[in-house]
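Data first, discussion second: the structure below is written as structure tokens.
Values in this document were obtained by computation on a predicted structure and should not be read as measured data. What you see below is based on every heavy atom in this structure, not just the backbone, and it leaves out hydrogens, waters and symmetry mates.
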Amino acid sequence: MKFFIFTIFSIILATGLQAEDPYLNLDYYKSSCPSVLDIVKREMECAVLSDPRNAAIILRLHFHDCFVQGCDGSVLLDDTYTLKGEKDAIPNVNSLRGFDLVDRIKNKLESECPGAVSCADLLTIAARDAVVLVGGPYWHVPLGRKDSRTASISLANENIPLPNQGIPTLISRFLYQGLSVTDMVALVGGHTIGVARCENFRERIYGDFETTAGTNPLSETYLNKLKSICPAGGGNEDSISALDYSTPNLFDNSFFQLLLKGEGLLNSDQEMYSSLLSLQTKDLVRKYAEDSLAFFQQFSDSMVKMGNITSLESLSDGEVRKNCRYVNT
């Protein structure tokens, strides 16, 4: 295990990824765009009021951005003749949303502070506001990220965790980003909001769901409902179910309580408690299920840590895009 961790962190150093960024600070836009936080907050308030699912949509978009080349807005780039974006990567295609909302916020920022605020910073602030607006914790967001001029569909396929992966793979993908096992469990707790598509939970509900949930009548009712919208033989791929059916639009610790009952919707979620290899993660799941304040504090700390992941390339060659979908010309 020591050799495994050493190897992972050797890779981190080789790729230039760093989860602690000394170039970011809280006052970055004090002169160039002092209203940036108010503008983003106002637009997010409208979006979440219109549809509470927008909170999870933006949080997921930020997560998928940071796991590829660091938090550099690369996930927002559209395909062009000269650039292949990340939107068609396996973890993103047909499921990643929120791009129109990012466009709206960016247009407001450009009207107020032309050429000042990066799309990467916009998304990082919006993710924090999204969590707060559905009852989650507040944290201060260090700013000063640059937007990348590149994207990587191959890294998106390699780095972003998938819903049917086991504990060793999940841990390795977080360690690669400089994030600990504790960070991983707390950040996965973001699944207390949001939904999953049938194609991502079919293997779970026709696999070991009955084993982990036992013979609880309420669990059986829940499982039957899931099977009714997601048939074993295929089809209904876009049918959705809440990741936390107990309080789907409230950011709380009930997601972890569902894992204790064996009712996690995704294999990757339930693995953190039920896997034979979940020695570290099981204790953390129990802790956060019992103590919402501990979960909120760790989630806040881990979100700052994830948001600080940058690459040397984006720092040295990055820009502030005028349109989040395209590199400046």
With rounding to the nearest 0.5 angstrom, report the CG to OG1 distance, Asn249 to Thr192. 10.0 Å
Arg173 side chain to Glu158 main-chain N or O, any donor-acceptor pair under 3.5 Å? yes
If we count only N and O atoms by modelled type, under 3.5 Å, do the side chains of Ser180 and Asp183 hold a donor and an acceptor together? yes
Only residue of Asn159, Ile160, Val68, Leu96 satisfying side chain to side chain contact (heavy atoms under 4.5 Å, CB included) with Pro91 is Ile160
Check Lys41 with Asp129, please: is the shortest side-chain N to carboxylate O separation under 4.0 Å? no
Roughly how far apart are Ile58 CD1 and Arg128 CZ, rounded to 0.5 Å? 14.0 Å
Residue pair Phe99 / Leu61, side-chain heavy-atom distance below 4.5 Å: yes
Joint cluster assignment, Val132 & Ile57, ILVMFWY side-chain distance < 4.5 Å: no
Looking at Glu237, I want to see if its CD is surrounded by more than 12 non-hydrogen atoms of other residues, nucleotides or ligands under 6.0 Å. yes
Check the surroundings of atom NZ in Lys261: do more than 12 heavy atoms from other residues, nucleotides or ligands lie under 6.0 Å from it? yes
Donor-acceptor contact present, side-chain Asn25 to main-chain Gly144, <3.5 Å: no
If the threshold is 4.0 Å, N to carboxylate O, is there a salt bridge linking Asp100 and Arg325? yes
Does Asp103 pair with Lys106 as a salt bridge, N-O distance under 4.0 Å? no
4.5 Å side-chain heavy-atom contact, Ile229 and Cys198: no
Identify whether Phe256 and Phe209 are in the same connected component of the hydrophobic contact network (ILVMFWY, side-chain heavy atoms under 4.5 Å). no
Working to the nearest 0.5 Å, report the span between CD of Glu110 and CD1 of Ile105. 13.0 Å
Tyr245 versus Leu258: any side-chain heavy-atom pair under 4.5 Å? yes
So do the side chains of Thr124 and His62 get within less than 4.5 Å of each other, counting heavy atoms only? yes
For the residue pair Tyr206 and Lys227, establish whether any side-chain heavy-atom pair is separated by less than 4.5 Å. yes
Hey, any chance Leu260 and Met272 share a hydrophobic cluster, counting ILVMFWY side chains that come within less than 4.5 Å of each other, even indirectly? yes
Exam field: side chain Ser302 to backbone Phe299, donor-acceptor pair closer than 3.5 Å: no
Linked, directly or transitively: Leu266 and Leu259 (ILVMFWY side chains, under 4.5 Å): no
Look at Asp78 together with Lys87 and state whether they make a salt bridge at an N to O cut-off of under 4.0 Å. yes
Using modelled atom types and a 3.5 Å cut-off, is there a donor and acceptor pairing between side-chain atoms of Asp121 and backbone atoms of Arg145? yes
Flag side-chain contact, heavy atom, 4.5 Å: Phe296 against Phe251: yes
Test of understanding: clusters of I, L, V, M, F, W, Y form through side-chain heavy atoms closer than 4.5 Å, transitively. Do Val285 and Leu265 belong to the same one? no
How are the rings of Phe67 and Phe174 set relative to one another: parallel (under 30°), tilted (30 to 60°) or perpendicular (over 60°)? perpendicular
Between Asp88 and Val93, is there a donor-acceptor pair closer than 3.5 Å when you use the side chain of the first and the backbone of the second? no
Keeping the roles fixed (side chain from Asp65, backbone from Ser74), state whether a donor-acceptor pair exists under 3.5 Å. yes
Donor on one side chain, acceptor on other, Asp301 and Gln297, under 3.5 Å: yes
Check whether Ser50 reaches the backbone of Cys46 with its side chain - one donor and one acceptor, N or O, closer than 3.5 Å. no
What distance separates Leu123 CG from Cys71 SG, expressed to the nearest 0.5 Å? 8.5 Å
Which distance, rounded to the nearest 0.5 Å, do you find between the CD of Gln177 and the SG of Cys66? 8.5 Å
Within-4.5 Å side-chain heavy-atom neighbours: Met184 and Pro161: no
Indicate whether any N or O donor in one side chain lies under 3.5 Å from an N or O acceptor in the other, for Thr212 and Arg204. yes
Given 3.5 Å as the limit, does a donor-acceptor pair link the side chain of Thr80 with the main chain of Leu83, or not? yes
Measuring from Gln165:CD to Ser268:OG, what's the distance to the nearest 0.5 Å? 7.5 Å
Please step through side chain to side chain contact (heavy atoms under 4.5 Å, CB included) for the pair Glu271 and Thr169, ending with a clear verdict. CA-CA 11 Å; Glu271 280 274 302; Thr169 301; over 6 Å; no
Should the heavy atoms of other residues, nucleotides or ligands under 6.0 Å from CD1 of Ile90 be counted, would the total exceed 12? no
In this structure, are over 12 heavy atoms from other groups packed under 6.0 Å from Lys282 atom NZ? yes
Hey, does Ser148 have a side-chain heavy atom less than 4.5 Å from the side chain of Arg321? yes
Do Ser311 and Gln69 have a side chain donor and acceptor closer than 3.5 Å? no
Would you confirm whether Asp147, through its side chain, and Ser118, through its main-chain N or O, come within 3.5 Å as a donor-acceptor pair? no
For Gln270 and Gly264, indicate whether the former's side chain and the latter's backbone hold a donor-acceptor pair under 3.5 Å. yes
